[in-house]
Engineer: 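My questions will all concern the structure given below.
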Amino acid sequence: MVATSVRTNTDLAFQRCLSPDCGATYDVGEAIISCGKCGSLIDVVYDWDRLPVPDSLSFFQQKWARRNEPLCRSGVWRFHELLPFAPPEKVVTIGEGQTLLHPSDGVAKYIGLRAGGLYLQYEGLNPSGSFKDNGMTAAFTHAHLIGAKRAACASTGNTSASLALYCGVSKLMQAVIFIGSGKISYGKLSQALDFGALTIQIAGDFDDAMQRVREVCEKLGSYRVNSVNPCRLEGQKSSMFRVLEGLDWQVPDWIVVPGGNLGNSSAFGKTFMELKELGLIERVPRLAVINATGANTLYQLFETLGQRWNGGHLDRKVEEGFVQQMDRENRRASTIASAIEINRPVNYEKCLRALEVCDGVVREVTDQQILDAKAQVGANGLGCEPASAASVAGAKLLRSEGVIAPSERVVCILTGHQLKDPTATVAYHTTDQEEFNRVLGSRGVKRAEFANRAVAVPNDLDEIVRAIQLNS
Ligand code: F0G
């Protein structure tokens, strides 16, 4: 059994119920996922007045010069002063968060932005190939802090790869991962298996796995590392710190991020809320969260039904009615972007808060739009998995609507590496119509406008040379 609580002897960091009407607080040494009083989500909060907060974000520049120290090398923990829930000696880091902000004029042109106006925050550079490591180092640190011996998650693949990696490297606990059968890409499944995680493949989808992992963790006392874990989201604030760092501490006009379980968008909103409160930034960027059309709960609730955070006083009937109807119809999420194939996002309420803080918008994009955008990202040299490209497809849509102005500075988050899901990529570029139809046609993808098709030639030198000359 995991120790569910340790006293940290400090109230500089604590946990608090998200609902302002409840506001119950908990020690940071407790493993809690929801408020024991009202059931709402939990935030990690800090008594900033009693903490050594830097006067300016440029303070963090000197950390980079000390990157021989593990906490300065980590792209998460070099911002420790802005997520100080665990003492430095308890931090478990594997050098995550070495991710970069790349300007991309090629993708800017595709979206309809001026040269110099578009940046890609390439989180695929993380050790397990996705942004999950930003959060996992923080959740794992917390699990270690409270003495957990078994950590579990439900996953569409990246969280599980990340958890498996941290367990494999540190040997501090056993990883138990829950995945929907046939619902995760081979790249991600292979990581979990290779890193040695106990892999429970359930006959269901991510939403089913999420429900089961909650029950199992309660029964077995395992530590849960899904993004409903408030400490995990503290780590996920760091991609925003790195975006600001990449822009010499200037705030962009837009952050565009794919929305699945809504952990990133929630964490980003909290980042800007805190930085503003601390006087470290003067304004917050606008946030755009992009759903896949086949997994569009947030889009439906926020844009179609108009649900708002409303300072924490949200009209719950809107959400309840929507979920009841989803249950009645047994509606299942379905998109080629398997990482965001989620109909019941656990961080929904935190995301509503983020949308309020950042004057946000939500859009949905089709699998066709996602794959075309993915091909453009790849053709411009970085490469990402389908879910990540939802951000680029969403930015293009918002630009075409005029919501994003052509002169604005936009950051799209590329959440996962290109090699996570080669099946979708190869099917897009294939010359084999049957393969295209099987993998993509079945999802309503009709064409591959940016396909780079392999050229088939006989094994003959002259023919090969002719093919190269013809295609150059
Ligand atoms: N992009 C990628 C590559 C992801 O793996 C995920 C989530 C998301 C976007 C959505 O992010 O949940 O913060 O809105 N993957 C989870 C997983 C659910 O299990 O790996 P979110």
Side-chain angles (χ1 to χ4, degrees), residues 99 121-126 128-136 139 152-165 175 177-180 183-185 187-189 191-192 197 199 205-210 213 224-229 232-233 235-237 239-240 255-270 287-292 295-299 333 335-348 350-351 354-355 362 365 370 374 377 383-394 412-421 424:
T99 69
Q121 175 65 18
Y122 189 33
E123 291 298 327
L125 274 182
N126 264 296
S128 78
S130 86
F131 75 91
K132 300 290 175 176
D133 299 342
N134 299 324
M136 198 54 67
C153 68
S155 186
T156 55
N158 280 326
T159 302
S160 50
S162 182
L163 174 62
L165 172 62
I177 66 160
F178 288 63
I179 55 175
K183 291 289 181 187
I184 84 171
S185 68
K188 302 173 191 179
L189 179 61
Q191 287 180 292
T199 303
D205 63 11
F206 173 81
D207 293 317
D208 297 319
M210 197 70 191
V213 79
R224 194 150 40 124
V225 299
N226 277 109
S227 57
V228 69
N229 177 320
R232 208 185 104 177
L233 295 192
Q236 285 179 217
K237 295 190 305 193
S239 23
M240 291 301 100
I255 301 288
V256 190
V257 63
N261 229 357
L262 307 179
N264 258 345
S265 43
S266 298
F268 297 172
K270 186 170 187 281
L287 179 68
V289 186
I290 314 299
N291 274 166
N296 65 354
T297 297
L298 178 70
Y299 176 75
T335 165
I336 190 76
S338 57
I340 52 172
E341 194 172 48
I342 297 170
N343 261 355
R344 296 162 195 268
V346 295
N347 287 301
Y348 173 63
K350 278 189 183 174
C351 179
L355 289 164
V362 182
V365 288
I370 287 175
K374 184 177 114 52
V377 172
C384 65
E385 64 167 285
S388 313
S391 61
V392 171
C412 290
I413 313 298
L414 297 185
T415 46
H417 198 278
Q418 179 188 42
L419 297 178
K420 289 280 191 174
D421 189 358

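Reckoned from all heavy atoms, side chains included, excluding hydrogens, waters and symmetry mates. Just follow the structure's listing: the first ligand is 1, and inside any ligand the first atom is 1. Sequential numbering from 1 along the given sequence is applied to the chain's residues. As the structure is a prediction and not an experimental result, all values here were calculated from the model.
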Engineer: Which residue holds the protein heavy atom closest to atom 4 (C) of ligand 1, what is that atom called, and what is the gap in Å?
Structural biologist: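 Ranking protein heavy atoms by distance from atom 4 (C) of ligand 1, first comes Ala339 CB, 3.4 Å.
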Engineer: Quick one: which ligand 1 atoms are inside 4.0 Å of a heavy atom on Gly263?
Structural biologist: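 Counting atoms of ligand 1 from 1, those under 4.0 Å from Gly263 are 12 (O), 13 (O), 14 (O), 21 (P).
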Engineer: Closest approach of Ile413 and Ser391, non-hydrogen atoms and distance?
Structural biologist: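 Scanning both residues, the minimum pair turns out to be O-OG, 3.1 Å.
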Engineer: Is it true that Val257 lies under 4.0 Å from ligand 1, counting heavy atoms only?
Structural biologist: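 Outside the 4.0 Å threshold, so no.
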Engineer: What do you reckon, does Ser227 have a nitrogen or oxygen under 3.5 Å from a nitrogen or oxygen of ligand 1?
Structural biologist: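 No - when backbone and side-chain N and O of Ser227 are compared with those of ligand 1, no distance drops under 3.5 Å.
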Engineer: Inspect the contact between Glu385 and Lys374 and indicate whether a charged nitrogen and a carboxylate oxygen are less than 4.0 angstrom apart.
Structural biologist: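 No.
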Engineer: Considering non-hydrogen atoms of the protein only, which is the closest contact for atom 20 (O) of ligand 1, and what is the distance?
Structural biologist: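 Answer, as residue, atom name and distance: Thr159 N, 2.8 Å.
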Engineer: For Val225, does its backbone N or O pair with a side-chain atom of Arg232 as donor and acceptor, under 3.5 Å?
Structural biologist: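 Between the backbone of Val225 and the side chain of Arg232 there is a qualifying donor-acceptor contact (under 3.5 Å).
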Engineer: Give a yes-or-no answer on whether the side chains of Glu123 and Thr415 include a donor-acceptor pair shorter than 3.5 Å.
Structural biologist: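 Thr415 and Glu123 do not have a side-chain donor-acceptor pair below 3.5 Å.
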Engineer: Which ligand 1 atoms, with their elements, are less than 4.0 angstrom from a heavy-atom of Ile342?
Structural biologist: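 Under 4.0 Å from Ile342, ligand 1 has these atoms: 18 (C).
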Engineer: Can you pull out the closest protein heavy atom to atom 11 (O) of ligand 1? Residue, atom name and distance to 0.1 Å, please.
Structural biologist: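 Result: Phe131 CZ, 3.6 Å.
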Engineer: Of the non-hydrogen atoms in Tyr299 and Asn291, which two are nearest, and what is the gap between them?
Structural biologist: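 Shortest heavy-atom contact: N-OD1, 3.0 Å.
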Engineer: May I ask you to decide if Arg344's main-chain N or O and Thr297's side chain share a donor-acceptor pair within less than 3.5 Å?
Structural biologist: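 No, the answer is negative, given that no donor and acceptor are paired below the 3.5 Å cut-off.
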Engineer: So, does Asp205 use its side chain to make a donor-acceptor pair with the main chain of Asp208 at under 3.5 Å?
Structural biologist: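 Here the side-chain-to-backbone pair exists.
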Engineer: Yes or no: does Gly259 have any heavy atom under 4.0 Å from an atom of ligand 1?
Structural biologist: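 It does, in that a heavy atom of Gly259 comes within the 4.0 Å cut-off of ligand 1.
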Engineer: Short list, please: which atoms of ligand 1 are under 4.0 Å from a heavy atom of Ser155?
Structural biologist: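 The list of qualifying atoms is 17 (C), 19 (O), 20 (O).
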Engineer: Say whether, by atom type as modelled, one donor and one acceptor occur between the side chain of Ser338 and the main chain of Ile184 under 3.5 angstrom.
Structural biologist: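 No, because the side chain of Ser338 does not come within donor-acceptor range (under 3.5 Å) of the backbone of Ile184.
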Engineer: Find all atoms of ligand 1 within a distance of less than 4.0 Å from any non-hydrogen atom belonging to Glu385, and give their numbers and elements.
Structural biologist: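 Within the 4.0 Å cut-off of Glu385, ligand 1 contributes 3 (C).
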Engineer: Look at atom 10 (C) of ligand 1 and say which protein heavy atom is nearest, naming residue and atom and giving the distance to 0.1 Å.
Structural biologist: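 Protein heavy atom with the smallest distance to atom 10 (C) of ligand 1: Ile340 CG2, 3.5 Å.
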Engineer: Select the closest option to atom 1 (N) of ligand 1 among Asn264, Ile179, Asn158, Thr415, judged by heavy-atom distance.
Structural biologist: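 Comparing heavy atoms across Asn264, Ile179, Asn158, Thr415, the nearest one to atom 1 (N) of ligand 1 lies in Thr415.
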Engineer: Ser160 and Ile177: which non-hydrogen atoms are nearest, and at how many Å?
Structural biologist: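 Nearest pair, atom of Ser160 first, then Ile177: CB-CD1, 3.4 Å.
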Engineer: Give a yes or no answer on whether the side chain of Ser266 reaches the backbone of Leu262 with a donor-acceptor pair at less than 3.5 Å.
Structural biologist: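 The answer is yes, because a donor-acceptor pair under 3.5 Å joins these two groups.
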Engineer: How far is atom 21 (P) of ligand 1 from the closest protein heavy atom, and which atom is that?
Structural biologist: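 Looking only at protein heavy atoms, the one closest to atom 21 (P) of ligand 1 is Leu262 N, 3.4 Å.
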Engineer: Return yes or no for this condition: an N or O of Asn261 is under 3.5 Å from an N or O of ligand 1.
Structural biologist: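 By distance alone, the answer is yes.
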Engineer: Suppose we measure from atom 7 (C) of ligand 1 to each protein heavy atom; which comes out shortest, and what is that distance?
Structural biologist: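 The protein heavy atom lying closest is Lys132 NZ, 2.9 Å.
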